[in-house]
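Below: one structure, written as C-alpha cells.
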2 protein chains.
Amino acid sequence: MANPALAGELRTAVMQAARRIRNQRGEVGLSDPQYTVLVWLTKKGSLTPGQLAELERIQPPSMTRTVNGLAELGLVAKDEHPTDGRQVVVSLTESGRAEVRETRRRRDAWLTKHIAAMTPDERATLASAVELLRRIAAS
Amino acid sequence: MANPALAGELRTAVMQAARRIRNQRGEVGLSDPQYTVLVWLTKKGSLTPGQLAELERIQPPSMTRTVNGLAELGLVAKDEHPTDGRQVVVSLTESGRAEVRETRRRRDAWLTKHIAAMTPDERATLASAVELLRRIAAS
DNA sequence: TATTGTTATACTCTATAACTATA
DNA sequence: TATAGTTATAGAGTATAACAATA
C-alpha cells in the first residue's frame, strides 16, 4: 500500500468527525440511540425490538429501554404482532415522523454550512468517500 | 451545491463507520475515552486534566474520572506542577506508551485489511477525505 | 477573587442474569 | 424446549453543583 499510516489516520479522522457531528445535536434533541432507532423505522417500516437490537448490535434489554423511552415520548407505538403473541411491533407515529424530519434538518444544517464552503473538487471527494465509508460500515 | 443531500449522506456514513470502528475495539482493550487520552498525551506530551478536558470537549469532573482510571491501571502518572500548586501534570508511563502501540496496532488491523482490498484510486480518495474530515472535526 | 481540580450526586446507555409469556 | 421480550441490577461515561487548595 502506498500509505501504510492511512488506516490509523482514517480511524482518527472518522472518530473525531463523528464526535463533532454528535455534539452538534443541539439543546433539546433526541439522544443518538433514540434518533437512530427512528431512522431505522423510517427506512424499514415496522420492526420488532429484537430486529432493532440486531441492527444496532446491542443487546435486547438495552433496546427495550430505548424503545420504551421513545414510546413515552409518543414517537413510536408498540403493538401486538398479528400472529405471534411473543413479539412486539414497533412503528413510527405521525409525531415520530415529524421528529425525524426536524432532527435531520437540524443535524444536517451545521454540516451543510461546512460543505458549502468547500470547493467542487472537495465535495466530489467527500461524495466518493461516502461510498467507501458505507462499505466499511457494512462489512 | 451540486448535491444537496451530501450533508445527510456524509453524516450517516461517518456515524456508521465510527460505530463500526469502535465496535472493533476487541475483548480486553481500553475504553474509547481512555485510549483517546493516551493518544493526546502521545501527541502533546504532558497535559493537565483541564487541558485534556478542553481537548475532548468534556467537563473537568469527567476527565478527572478518566485520568484516575488510567492512573490506577498504571498507564499515566499524575505529578505536581512545578510552579503552580493548583495544577496537576498528567503524563504517559512506559507501560502507557506500550499500551498505545499495542492498542493502535489492534484497532488499525481491521481497517488495514479493508483498505488493502481497495483500488489505488479509492485509497487516494480516502486519503483526501481524511484531510476534509479533520477540517470538519476541528471547526 | 479567580482558577484548578476534586468530590458528591444523578442521568443515560450499555451489559449480563433471571424471569414471563408464547410457540 | 426454544424464542421474544422484559425486569433487575451493575458498570462506564457524562453532567451540574458544591467544595478545597492555590494564585
Side-chain angles (χ1 to χ4, degrees), chain A residues 15-16 18-41 46-73 75-91, chain B residues 15 18-20 22-40 46-73 75-91 103:
Chain A
M15 298 303 282
Q16 287 180 354
R19 187 171 334 157
R20 195 74 183 84
I21 291 169
R22 198 180 309 118
N23 285 346
Q24 212 54 33
R25 170 147 55 101
E27 352 28 80
V28 286
L30 296 172
S31 73
D32 210 62
Q34 286 176 322
Y35 178 59
T36 307
V37 164
L38 295 188
V39 171
W40 277 121
L41 294 173
S46 299
L47 292 168
T48 68
Q51 290 172 322
L52 285 165
E54 193 175 359
L55 286 167
E56 284 301 297
R57 297 174 194 261
I58 64 176
Q59 296 305 308
S62 304
M63 187 51 75
T64 292
R65 221 169 188 273
T66 300
V67 168
N68 283 346
L70 289 169
E72 279 172 22
L73 292 170
L75 302 177
V76 303
K78 295 172 71 172
D79 297 299
E80 296 176 2
H81 190 281
T83 63
D84 187 339
R86 298 171 301 181
Q87 297 190 42
V88 171
V89 178
V90 182
S91 56
Chain B
M15 298 305 280
R19 188 172 332 157
R20 194 75 183 83
R22 197 180 309 116
N23 286 346
Q24 211 57 32
R25 168 150 55 104
E27 2 13 270
V28 286
L30 296 172
S31 73
D32 210 64
Q34 287 176 322
Y35 178 59
T36 307
V37 163
L38 295 189
V39 171
W40 277 121
S46 299
L47 292 166
T48 66
Q51 289 172 321
L52 284 165
E54 192 175 0
L55 286 167
E56 284 302 297
R57 298 174 193 260
I58 63 177
Q59 296 305 308
S62 304
M63 186 51 74
T64 292
R65 219 166 191 274
T66 299
V67 167
N68 284 346
L70 290 169
E72 281 172 21
L73 292 170
L75 302 177
V76 303
K78 295 172 71 170
D79 297 298
E80 296 176 0
H81 190 281
T83 62
D84 186 340
R86 299 170 301 180
Q87 296 191 44
V88 171
V89 178
V90 182
S91 57
T103 302

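Chain letters run A, B, ... following the sequence lines, proteins first, then strands; residues in each count from 1.
The separation between A:D32 atom CG and D:dG13 atom C1' is 15 Å, rounded to whole Å. Taking atom CG on A:L30 and atom P on C:dT12, their separation rounds to 13 Å, with Å as the unit. The CD atom of B:E56 sits 16 Å away from the C1' atom of D:dA15 (whole-angstrom rounding). For the pair B:M63 CE and D:dT16 P, the interatomic distance rounds to 15 Å; values are reported in whole Å. Following rounding to the nearest Å, A:L52 (CG) and D:dT6 (P) show an atom-to-atom distance of 11 Å. One interatomic measurement links the two molecules: CD of A:Q59 to C1' of C:dA18, which rounds to 15 Å at whole-angstrom precision. Rounded to an integer number of Å, the gap from B:L73 CG to D:dA12 C1' is 13 Å. With rounding to whole Å, A:D84 atom CG is found 19 Å from C:dT20 atom P.
Heavy atoms of B:P60 sit under 4.0 angstrom from at least one base atom. Contacts of B:P61 with the nucleic acid, taken as non-hydrogen atoms under 4.0 Å apart, include base atoms. Note on A:T36: nothing from the nucleic acid sits closer than 4.0 angstrom, heavy atoms only.
Side-chain atoms of B:T64 lie closest to C:dG5 of the nucleotides D:dG13, C:dG5, D:dG5. Of the listed nucleotides (C:dT22, C:dA15, D:dT7), D:dT7 has the atom at the smallest distance from the side chain of A:N68. Of the candidates C:dC13, D:dT22, D:dT14, the closest approach to any side-chain atom of B:T66 belongs to D:dT14. With C:dA21, D:dG5, C:dT14 as the choices, the nucleotide that has an atom nearest any side-chain atom of A:T48 turns out to be D:dG5. With D:dT14, D:dA4, C:dT6 as the candidates, the nucleotide lying closest to the side chain of B:S62 is D:dT14.
When the side-chain nitrogen and oxygen atoms of B:K78 are compared with OP1 and OP2 of C:dT4, none of them lie within a distance under 4.0 Å.
A search for salt bridge (charged side-chain N to carboxylate O under 4.0 Å, His left out) contacts involving B:R86 returns B:D84, not counting sequence neighbours. Residues passing the side chain to side chain contact (heavy atoms under 4.5 Å, CB included) test with B:Q34, sequence neighbours excluded: B:L30, B:S31, B:T66, B:L70, B:L73.
For A:R86 and A:Q34, each mapped to the nucleotide of DNA chain C holding its nearest heavy atom, the one lying further toward the 5' end belongs to A:Q34. For the pair B:Q51 and B:R65, nearest-nucleotide mapping onto DNA chain C gives the more 5' position to B:Q51.
Test A:L41, A:V67, A:L38 against A:L75 for side chain to side chain contact (heavy atoms under 4.5 Å, CB included) and you get one pass: A:L38. Here the rule is side chain to side chain contact (heavy atoms under 4.5 Å, CB included) with A:L52, and of A:L47, A:I58, A:T64, A:V76 only A:L47 fits it.
In this structure, the side chains of B:V90 and B:Q51 stay at 4.5 Å or more apart for every pair of heavy atoms.
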